[in-house]
A.B. asks: 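Structure below; questions to follow.
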Amino acid sequence: MLDLNLIRADADAVKAAVRNRQMAELDPVVDEVLALDARRRELLKEVETLKADRNAASKAISRLKDAAEREARIAEQKGLGDLIAGLDDRLRGIDEALQAQLNTLPNLPDPRTPIGQSEDDNVLLRAVGTPRQFDFDPQPHWDLGPRLGLIDFERGAKLTGSRFYVLTGAGARLQRALIAWMLDLHTRGQGYTEVYTPFLVRENILYGAGQLPKFRENLYHDAEEDLWLVPTAEVPITGLHKDEILEPGALPKRYTGYTPCFRREKMAAGRDVRGIKRGHQFDKVEMYVFCRPEQSDDALERMREHAEATCAGLGLPYRVKQLCTADLGFSARMTYDLEVWAPGCGEWLEVSSVSNCGDFQARRANIRFRRETGARPEFVHTLNGSGLGLPRILIAVLENYQQADGTVVVPEVLRPWMGGLDRLEPEA
RNA sequence: GGAGGGAUGGCCGAGUGGCUUAAGGCGGUUGUCUUGAAAACAACUGUGGGGGCAACCUCACCGGGGGUUCGAAUCCCUCUCCCUCCGCCA
């Protein structure tokens, strides 16, 4: 959520920002917000004056000893309550309308975020590692996986439907190894605290992270208990400190967590149906930071380095992109994407998205801190980044480490979690 | 699933319609005293909104929402969460 004071102070800057995001249709929303805000304050003054009168009158009545006079004064006050209640209702209506409009506005891009028309205008910052040269035709993972007995698409579809798959044997273990290795990397060397969160959350937790109301149709919802399956660990981790005022010295707080992620992918229906690149359920290890406003620029760079270290540790060629205004997520003000090369399917796969959300999520989730004991609370800044998305990193490992004989070499760093196994071969 | 008991400020805890400006204690900050510290004493010590150049004024908030009333922490309805016991369960 944007700061209402900011919109009041510089509505034109907000309009320019939404236009840069290619969301010009939100232009009128800014004016609507200003109009509602003005009406709200007008009405607020009126109703608060009445309330102050009522409070004074009630207090005076309580001091009266004479019964007749009391009755007379009480009779005078009759009707005032209904009048106030009526105005309160109108005020609530305006407030809700204001909130609803405010909720549709995305975060303002950082001035350093390049302005662009579409994802084609994302800026390639650099490429690290050289894609391996093959002296044979590298296979895509949807051929490699089933052949080596690692991925079973048919049974995934039987169990649940399209876009679901089963990992078996060394395939399942390889994913588990990746999760364990990544979590250890983040907690040991990079200073994150591991968290294991619920995978089902309340509606207001999704709202805090900026997923609701905008992305409702892409989420799974349990009607019975009115709970939502998390689309990313970013959601429950943002919610960890919802409605808290963090004490001086508590920041920065850094978390890493593994969760499955559930997405209906309605918006991407028909895209990437082949393989395990885009499923309704996938696993991810997430990094997350709560920090002071002045720390978030630096925190973003560090988190990007942490994500890069994960790609590099696996020996995968990757490239770093900075997203342009058109491709930036709703809550983000600046984002780096990491893509690894998958030689089998012949494309760069987005395995990490590292974003600085500024105070946008903190405002929605009401997460604040004090600089010093007794100081006024201020909103924290939040950052999130994948470290990394599992199915895509699994694809990259299988396709990059495949050999001419159809086997796959296990990356060095994962072997301790694979029981020393150094090569994936078809089961005899 | 069944039966009961709870939710009050940073924490503990009083408060059954107006004398509450939420008692009292703990914690915290500042001051006095002290070479310093402790102790003692004193003052201050929640969040958000609106108005004002400011000192300041004002409204709301006692788990959430709704209601009764001139007036609600207190009465009514409803929801959520926590605790105890029983049953079931990985």
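Letters A, B, ... are given to chains in the order of the sequence lines, protein chains preceding strands, and every chain is numbered from 1.
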A.B. asks: Expressed as a whole number of Å, how far does the C1' atom of B:A14 sit from that of B:G25?
C.D. replies: 11 Å
A.B. asks: Is the number of heavy atoms from other residues, nucleotides or ligands within 6.0 Å of CZ (A:R155) greater than 12?
C.D. replies: no
A.B. asks: What distance, rounded to whole Å, do you find between the two P atoms, one in B:G10 and one in B:G28?
C.D. replies: 16 Å
A.B. asks: Going by an N to O cut-off under 4.0 Å, is there a salt bridge joining A:R302 and A:D298?
C.D. replies: yes
A.B. asks: Roughly how far apart, to the nearest Å, are B:U84 and B:G66 at atom C1'?
C.D. replies: 30 Å
A.B. asks: Determine the interatomic distance between C1' on B:C85 and the same-named atom on B:C77; round to the nearest Å.
C.D. replies: 28 Å
A.B. asks: When you measure from the centre of the six-membered ring of A:F360, is the NZ or CZ of A:R333 closer than 6.0 Å and no more than 45° off the axis?
C.D. replies: no
A.B. asks: So does A:R376 get a side-chain nitrogen or oxygen closer than 4.0 Å to the phosphate oxygens (OP1/OP2) of B:G48?
C.D. replies: yes
A.B. asks: Choose from B:C81, B:U47, B:G18 the nucleotide whose nearest atom is closest to any side-chain atom of A:R368.
C.D. replies: B:U47
A.B. asks: What pairs meet the salt bridge (Lys or Arg N to Asp or Glu O under 4.0 Å) rule with one or both residues in residues 200-211 of chain A, with sequence neighbours excluded?
C.D. replies: A:E203-A:R216
A.B. asks: Taking only side-chain N and O atoms of A:R92, does any of them lie within less than 4.0 angstrom of OP1 or OP2 on B:G66?
C.D. replies: yes
A.B. asks: For B:G71 and A:R73 - does any side-chain N or O of the residue sit under 4.0 Å from the phosphate oxygens OP1/OP2?
C.D. replies: no
A.B. asks: Nearest to the side chain of A:R54, heavy atoms from C-beta on, is which of B:A60, B:G66, B:G50?
C.D. replies: B:A60
A.B. asks: Give the rounded distance in Å between these two atoms: CG of A:L102 and P of B:G49.
C.D. replies: 13 Å
A.B. asks: Let me check something: any side-chain donor-acceptor pairs from residues 83-90 of chain A under 3.5 Å, sequence neighbours excluded? List them with distances.
C.D. replies:
residue : atom : partner : partner atom : Å
A:D88   : OD2  : A:K51   : NZ           : 3.3
A:D89   : OD1  : A:R92   : NH1          : 3.2

A.B. asks: In this structure, how many angstroms lie between the P atom of B:C81 and the NZ atom of A:K242, rounded?
C.D. replies: 15 Å
A.B. asks: Take atom P in B:A60 and the same atom in B:A72, then report the distance between them in whole Å.
C.D. replies: 9 Å
A.B. asks: With a 3.5 angstrom cut-off on both distances, give the Watson-Crick or G-U wobble partner of B:C81, or none if there isn't one.
C.D. replies: B:G6
A.B. asks: Is A:R423 salt-bridged to A:E425, going by a charged N under 4.0 Å from an acidic O?
C.D. replies: no
A.B. asks: Between A:R41 and B:G49, is there a contact of a side-chain N or O with OP1 or OP2 at under 4.0 Å?
C.D. replies: no
A.B. asks: Would you tabulate the nitrogen or oxygen pairs shorter than 3.5 Å linking the protein to nucleotides 57-59 of chain B?
C.D. replies:
residue : atom : partner : partner atom : Å
B:C59   : OP1  : A:N55   : ND2          : 3.2

A.B. asks: In whole angstrom, give me the gap between the C1' atoms of B:A3 and B:C88.
C.D. replies: 16 Å
A.B. asks: Between B:C61 and B:U74, how far apart are the P atoms? Round to whole Å, please.
C.D. replies: 10 Å
A.B. asks: Taking atom C1' in both B:U68 and B:U58, what distance in whole Å separates the two?
C.D. replies: 27 Å
A.B. asks: In a check of ring pair (Phe, Tyr, Trp, His ring centres under 6.0 Å) between A:H241 and each of A:F369, A:Y255, A:Y288, A:F379, which one passes?
C.D. replies: A:Y255
